[in-house]
Amino acid sequence: MTNLPFWKVESIGNHFPLLHQQDLSPETNLAELAVTLCNPHFGIGGDGLLVVAMEDADLRLRMFNPDGTEDFCGNGIRCAAAHANALGWIGTEFNIRHRDRVVPIEIARGRIRSTIGSADYTPSAIPLKGPELFNATVWSGMDSGMPLSLFGSVLTTGSTHTVIPTYSLPDDDSFRSVSAKVSVDSKFPDRTSVIWVTELAPNSLKIRIWERGVGETLGCGTGSSAAAADYYRRKGRGGTVTVENPGGSVQVTMQSWDAPIAIEGTAVEVFQGVWCG
């Protein structure tokens, strides 16, 4: 496909080429296009491909990982909202239809607040083969020739996450080796992202992210939400927590751990161009 307009957008280090559905032919295979455009050497590069269109008064968003799988994306929501607002497609309060969810959006003073729904530990919703895993052994296997068991929780906040609380985040070798193995474990039929999290102070978390279909990324909105929901479930309450991603921070608010989750942060357009590949 030649002469395809695109916008490069970013939120807390998660970066995406963004396309308008109207610029694509009906025959376009978006999964294949995501693989091509997200390639950092021969394409535009990105943690996923965003495709947006207006649908009545709402904004429709689809997101594809660099391996072509379609997913739900919290940072993609924020980027799409900022883009559509900047073009004047919508105002400062509207809905984004993304996957099977309707996500209310509020934009004020350059910050974007999205309400993505509630955390769910139900195995069928995650999906997860086996019983609910909360504060339990989420993975057992071998690493560097040694047996290893990881303690944490498995949940969905629109996308599957395994949250592993730690006193300190793992070193590079351990993070990459173990996360890659957990992500494709057979108990996760659609794979899982792996979120390592440490508490910096009350209501302040720091995470490191291995995203399914991507690998290590600098930011994850649904992963930040999963870390926050699991934190508050263990605390037995709700509140607002700052989640520090490697690429920036978001604020995550919920009245209780099983209440609707609101994420607040920023998103920017980095550049725009025309794909001539």
* Is it the case that one hydrophobic cluster holds both I116 and I90, taking links as side-chain heavy atoms less than 4.5 Å apart, direct or via other members? -> yes

* To do: Ignoring hydrogens and angles, tell me if any N or O in the side chain of D23 forms a donor-acceptor pair with the backbone of L4 under 3.5 Å.
  => no

* Atom CE in M254, atom CD1 in I261: separation rounded to 0.5 Å? -> 4.5 Å

* Salt bridge between K181 and D185, side-chain N to carboxylate O under 4.0 Å? -> no

* Heavy-atom distance under 4.5 Å between the side chains of E106 and E264, does that happen here? -> no

* To do: Can you see which heavy atom on V252 is nearest to which on S225, and at what distance?
  => CG1-CA, 4.2 Å

* To do: Applying side-chain contact (heavy atoms from CB on, under 4.5 Å), run through Q251 and R113 and close with a yes or a no.
  => CA-CA 9 Å; Q251 282 68 51; R113 182 182 179 93; over 6 Å; no

* Asked: Quick one: side chain to side chain contact (heavy atoms under 4.5 Å, CB included) partners of I12, sequence neighbours excluded?
  -> N75, N245, V250

* To do: Flag the pair T160 / P127 as yes when at least one side-chain heavy-atom distance between them is below 4.5 Å, and no otherwise.
  => yes

* Sorted by first residue and then second, give each ring-ring contact (aromatic ring centres under 6.0 Å, His included) pair with at least one member in residues 105-136; sequence neighbours left out. => Y121-F134, Y121-W257

* To do: Mark yes or no for whether T198, through its side chain, and T166, through its backbone, hold a donor-acceptor pair below 3.5 Å.
  => yes

* Between R208 and D171, is there a side-chain N and carboxylate O pair less than 4.0 Å apart? -> no

* **Pairwise side-chain contact, P165 with R234, heavy-atom cut-off 4.5 Å (strictly under)** => yes

* To do: Say whether, by atom type as modelled, one donor and one acceptor occur between the side chain of S183 and the main chain of S179 under 3.5 angstrom.
  => no

* Structure fact -> Rounding to 0.5 Å, atoms NE2 (H15) and SG (C38) come to a distance of 8.0 Å

* Linking I/L/V/M/F/W/Y whenever any side-chain heavy atoms sit under 4.5 Å apart, do L30 and L18 land together? -> no

* To do: Test R60 against Q21 for side-chain contact (heavy atoms from CB on, under 4.5 Å), laying out the working first.
  => CA-CA 9 Å; R60 168 65 69 179; Q21 182 68 54; over 6 Å; no

* Would you name the heavy atoms of R78 and A267 that are closest together and state the gap between them? => O-CB, 3.7 Å

* Single-linkage hydrophobic cluster, 4.5 Å side-chain cutoff, I96 and I107 together -> yes

* To do: Please name all residues satisfying ring pair (Phe, Tyr, Trp, His ring centres under 6.0 Å) with H98, sequence neighbours left out, ordered by chain then number.
  => F72

* Asked: Taking the side chain as C-beta and beyond, is there a heavy-atom pair between L37 and L19 under 4.5 Å?
  -> yes

* OG1 of T162 to CZ of R191: how many Å apart, nearest 0.5 Å? -> 13.0 Å

* Should V35 and L33 be counted in the same cluster of Ile, Leu, Val, Met, Phe, Trp and Tyr side chains packed under 4.5 Å apart? -> no

* Structure fact -> In this structure, CG of D71 is separated from CG of N65 (nearest 0.5 Å) by 5.0 Å

* Check against side-chain contact (heavy atoms from CB on, under 4.5 Å), L49 and V51 -> CA-CA 7 Å; L49 171 67; V51 181; 4.1 Å; yes

* **Trace of the side chain to side chain donor-acceptor pair (under 3.5 Å) decision for D173 with S177** => CA-CA 6 Å; D173 289 344; S177 173; over 6 Å; no

* Asked: Can you find a pair of side-chain heavy atoms, one from S256 and one from R237, that are under 4.5 Å apart?
  -> no

* Asked: Hey, are the side chains of N135 and F151 touching, using non-hydrogen atoms and a 4.5 Å cut-off?
  -> yes

* Side-chain donor/acceptor of D120 to backbone N/O of T122, under 3.5 Å -> yes

* Asked: Are the side chain of R212 and the backbone of D190 linked by a donor-acceptor contact shorter than 3.5 Å?
  -> yes

* Tell me, which pairs form a ring-ring contact (aromatic ring centres under 6.0 Å, His included) where one or both residues lie in residues 16-62, sequence neighbours left out? -> W7-H20, H20-H83, H20-W89

* Asked: Hey, does the side chain of T217 reach the backbone of E211 with a donor-acceptor pair shorter than 3.5 angstrom?
  -> no

* To do: Establish whether I263 and L218 are linked, either directly or via other cluster members, by ILVMFWY side-chain heavy-atom contacts under 4.5 Å.
  => no

* Asked: Rounded to the nearest 0.5 Å, what separation is found between the NZ atom of K235 and the CG atom of D230?
  -> 11.5 Å

* For residues A227 and L205, report the shortest heavy-atom separation together with the two atoms involved. => O-CD1, 3.8 Å

* **Heavy-atom pair with the smallest gap, counting every atom of K187 and P189** => O-CD, 3.2 Å

* Mark yes or no for whether N29, through its side chain, and A31, through its backbone, hold a donor-acceptor pair below 3.5 Å. => yes

* Asked: What heavy-atom pair brings I77 and S114 nearest, and what distance separates the two atoms?
  -> CG2-CB, 4.0 Å

* Donor-acceptor contact below 3.5 Å, side chain N85 vs main chain G91 -> yes

* **Close side-chain approach of I207 and E244, heavy atoms under 4.5 Å** => no

* Asked: Quick one: are T222 and T156 in side-chain contact, heavy atoms under 4.5 Å?
  -> no

* To do: Run the numbers on S153 and R233 for side-chain contact (heavy atoms from CB on, under 4.5 Å), then give the verdict.
  => CA-CA 10 Å; S153 304; R233 184 175 182 183; over 6 Å; no

* Counting heavy atoms not belonging to E55, are there more than 12 under 6.0 Å from its CD? -> yes

* Asked: Which pair of heavy atoms, one from S140 and one from S149, lies closest together, and at what distance?
  -> OG-OG, 3.1 Å

* Structure fact -> CZ (R101) and OG1 (T157) are apart, to the nearest 0.5 Å, by 7.0 Å

* Structure fact -> Excluding I164, membership of its hydrophobic cluster (Ile, Leu, Val, Met, Phe, Trp, Tyr; side-chain heavy atoms within less than 4.5 Å) reads I126, L128, L133, V138, W139, L148, L150, V154, L169, F175, V178, V182, F188, V194, W196, W210

* Give every residue pair that meets the ring-ring contact (aromatic ring centres under 6.0 Å, His included) criterion with at least one member in residues 227-247, sequence neighbours excluded. => none

